[in-house]
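Sharing a structure with you now.
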2 protein chains.
Amino acid sequence: MDDESWSPPQVLVAVDLVILTLRAGVLQVLMVERGIEPYRGALALPGGFLYDEREDLLGAARRELREEADLEPERLHLEQFGAYGAPDRDPRGRVVSVAYLAIAPGLPEPVAGGDAAGASWRPVQEVASGRSCLAFDHRQVLTDGLELARSKLERSSLATTFCGETFTIAELQRVYEAVWETSLDPRNFYRKVQGASGFVVPAESEPRPTKGRPARLFRAGPSTVLYPAITRPDTAEQEDGA
Amino acid sequence: MDDESWSPPQVLVAVDLVILTLRAGVLQVLMVERGIEPYRGALALPGGFLYDEREDLLGAARRELREEADLEPERLHLEQFGAYGAPDRDPRGRVVSVAYLAIAPGLPEPVAGGDAAGASWRPVQEVASGRSCLAFDHRQVLTDGLELARSKLERSSLATTFCGETFTIAELQRVYEAVWETSLDPRNFYRKVQGASGFVVPAESEPRPTKGRPARLFRAGPSTVLYPAITRPDTAEQEDGA
DNA sequence: TAAATAGTGTCTGTAAGACAGTATCGA
DNA sequence: TCGATACTGTCTTACAGACACTATTTA
C-alpha cells in the first residue's frame, strides 16, 4: 500500500440531484433527457461534474439546481444522501457521484428557460418503477433518495417544504399520501399534526376558493424535529433470514 | 458549463472508516496515529485512497478494514454514511472522502500486527469530545458516524454485531447503554428485546462463570428490522427557530 | 335544503416507563 | 443464610388507528 511508485487514481467527481415536488397531487421528480452519449436519449437525474478545484460538493449541488432546474437553492431543502462509485457506472471513465435530495414546493410551470431546456417533471412512480430507461445507476440513486424522503417525513418537518408559504392541513396530508403512496385518515392526521408541537402554526389570511367549508391556513412552525412523529403505516414489515 | 475548453477537475477519492467496538463496557473507536504530514502525530480515522481504477468504494473500505485494522470484512457490518469534499479538507490537494461505519464485536487484544501497527482502540468519548487533535475533518466524520450508529440501534438489529456469537440480554443492554451513553431499566429492556420478534433467539449452551444467577444465552435472530423498535430515551428534544 | 369539505370527540389496543416481586446461582 | 444477578408481573400514561359526530361553507 505504501509502495513508493504507487499513486492513487485520479477520479472525476459529480453530483446528482433527486429533486422532488408535488404537482396535481402526484409526486414528481425532475429528469433531464440526455443529449449526448453515453445514454443519449435516456432519462437522467440532473447533475454534473464539480466545476473546479475550489467548488465544494454542496456548492456544486446548488449550482446544478440553478443551472439544470432553474430553481433557487436558497429556498430549498438540500441534503446529501449517498455516494455512488462502482467502477463501471460511467462508460467514459471513473466517476464517483455524490447524490443530493432536494424538495421544491409545487411549481405551476414545467421548468423552462436557460440551461434547463431538457428538464421536465415526471411522475416518480412512472420513472422509478421498471419501464423507462434511466442512465447510469440513476434508478438506484432515485430509489435511495426516495426512501430518504419517505423516512424523513416521519420525524422531520420536511413535508412543509413541499407546500407553499401557507397551506391547509389537507394539503399537507396530500403531501404525505403522495410521498408514501398511501391514504391516511384525515381525522387522525389532523390530530397528529396539531399534536406535534411547533410543526405548523396558524396563519391568518384570506380563505381559499373551495367547495365546502374553507380550511384554516397554516405555515411551517419552528420545529424541524417532529415529536410525536407522524408514523408511516406498515408497508409489510420486512424480515430476512440470517 | 458546456464550454468547449472546460474540463472537470481530477480529484483523489478516499474512504474513511469509523470502526466501533465495545471493550470493557466502553464504546471505542479505532484510530491511527499519522506518521506523515499533513497532521503528523495527530489521530486519524483509518482509511486511504482508492487503490486503482477498478476498485469500488465498498471494496476499498473492505481493503482498508483488513489492512489498517486487521479485521475480517466479511464478518462485520459495513455501511456507507456520507461523503466529505470541502475543497480545503486536505492540504495536499482536492480529496473527496467517502465514509463508512463498521461495527466489530469486542476484541480482547488491541489491534496488532501487519499494517495495523499504528492503530489502537480509543474511547469514543475521549476522541470525539473536544480535547484530542484529529486530522482533517475527522471529528465531523466521527460525529456523523456515531449518530448513524446510535439511530440504527433503535430500529435495526445492529446491536448484536457488537456481541460475540452468543450473548446475554444484559450484555446486549450494555451495548445500548454504551452507544447511547445512557442507562436503561433492565426489566423494561428485557421485555422489549423479547417483544421484538426475531431480534434474538435462545442459544442453548453452557452458562457462564458469574456471581449471581447465570443468564440465558441468545444469538442474533433472523430479523434485521426491529418491531417494535427499541426506543432511545429523550436526549433533550431539539427545536430550532425558523 | 343537500353536498362537500373542515374540524372534534371517543373508544380500544399497544407500547413505554416506573417499579415490586420472585427465581437461581455462588459463597 | 445472604448477596448478587436474572427474570416476571403490574400499573399508569401516551399514542395509534378506527370511526361517529358537529360545523361551515357553496349550490
Side-chain angles (χ1 to χ4, degrees), chain A residues 25 151 153-155 163 166-177 180 182-219 223 225-237, chain B residues 25 153-155 163 166-177 180 182-218 223 225-237:
Chain A
S151 73
L153 245 42
E154 296 192 75
R155 310 197 126 64
C163 302
T166 64
F167 48 86
T168 67
I169 302 291
E171 279 164 7
L172 192 60
Q173 181 180 340
R174 267 172 240 131
V175 171
Y176 278 89
E177 292 181 330
W180 284 346
T182 344
S183 70
L184 302 171
D185 183 301
R187 300 159 300 192
N188 291 336
F189 184 79
Y190 205 99
R191 176 168 39 80
K192 282 156 98 162
V193 169
Q194 300 286 18
S197 80
F199 185 17
V200 299
V201 296
E204 59 292 311
S205 46
E206 78 289 2
R208 305 270 180 82
T210 172
K211 312 206 276 196
R213 172 177 174 178
R216 289 193 286 214
L217 289 173
F218 297 85
R219 63 183 73 245
S223 294
V225 174
L226 257 38
Y227 188 83
I230 311 284
T231 53
R232 176 162 36 159
D234 279 6
T235 50
E237 291 294 339
Chain B
L153 282 199
E154 296 193 75
R155 310 196 126 66
C163 301
T166 65
F167 48 86
T168 68
I169 302 292
E171 280 165 7
L172 193 59
Q173 181 179 341
R174 268 172 241 131
V175 171
Y176 278 89
E177 292 181 330
W180 284 347
T182 338
S183 69
L184 302 172
D185 184 301
R187 301 162 297 193
N188 291 336
F189 185 79
Y190 206 99
R191 176 167 39 81
K192 281 155 95 159
V193 169
Q194 299 286 20
S197 81
F199 186 15
V200 299
V201 295
E204 61 291 315
S205 46
E206 76 290 3
R208 305 270 181 81
T210 172
K211 314 204 275 195
R213 171 178 175 178
R216 289 194 288 216
L217 289 173
F218 296 84
S223 293
V225 174
L226 258 37
Y227 188 81
I230 311 285
T231 53
R232 177 162 37 158
D234 278 8
T235 51
E237 290 294 340

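Every chain is numbered from 1, with letters handed out A, B, ... down the list of sequences.
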* Partners of Tyr176(B) by ring pair (Phe, Tyr, Trp, His ring centres under 6.0 Å), sequence neighbours excluded? -> Trp180(B), Phe189(B)
* When the distance from CG of Asp234(B) to C1' of dC15(D) is rounded to whole Å, what number comes out? -> 14 Å
* Tell me, for nucleotides 3-15 of chain C in 5' to 3' order, what letter each nucleotide earns: B for a base near a protein heavy atom under 4.0 Å, S for only sugar-phosphate near one, - for neither? -> -BBBBB------S
* Asked: Starting at OH of Tyr176(B) and ending at P of dA16(C), how long is that distance when rounded to a whole Å?
  ->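 Interatomic distance, OH of Tyr176(B) to P of dA16(C): 12 Å.
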* Rounded to whole angstrom units, what separation is found between the CZ atom of Phe189(B) and the C1' atom of dG9(D)? -> 19 Å
* **Whole-Å gap separating P (dA16(D)) and CZ (Arg155(A))** =>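 Result: 10 Å.
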* Do you know the tightest heavy-atom contact between Ser197(B) and Ser223(B)? ->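 Closest approach of Ser197(B) to Ser223(B), heavy atoms only: O-OG, 2.9 Å.
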* Going by heavy atoms in the side chains, are Val175(B) and Phe167(B) under 4.5 Å from each other? -> no
* Asked: Please give, in whole Å, the distance from dC15(D) P to Glu154(A) CD?
  -> 16 Å
* **Separation of Asp185(A) CG from Gln173(A) CD (nearest 0.5 Å)** =>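 The CG atom of Asp185(A) is 7.5 Å from CD of Gln173(A), to the nearest 0.5 Å.
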* Structure fact -> Distance col, row Glu204(A):CD vs Thr166(A):OG1, nearest 0.5 angstrom, shows 10.5 Å
* Is the closest side-chain heavy-atom distance between Pro186(B) and Ile169(B) below 4.5 Å? -> no
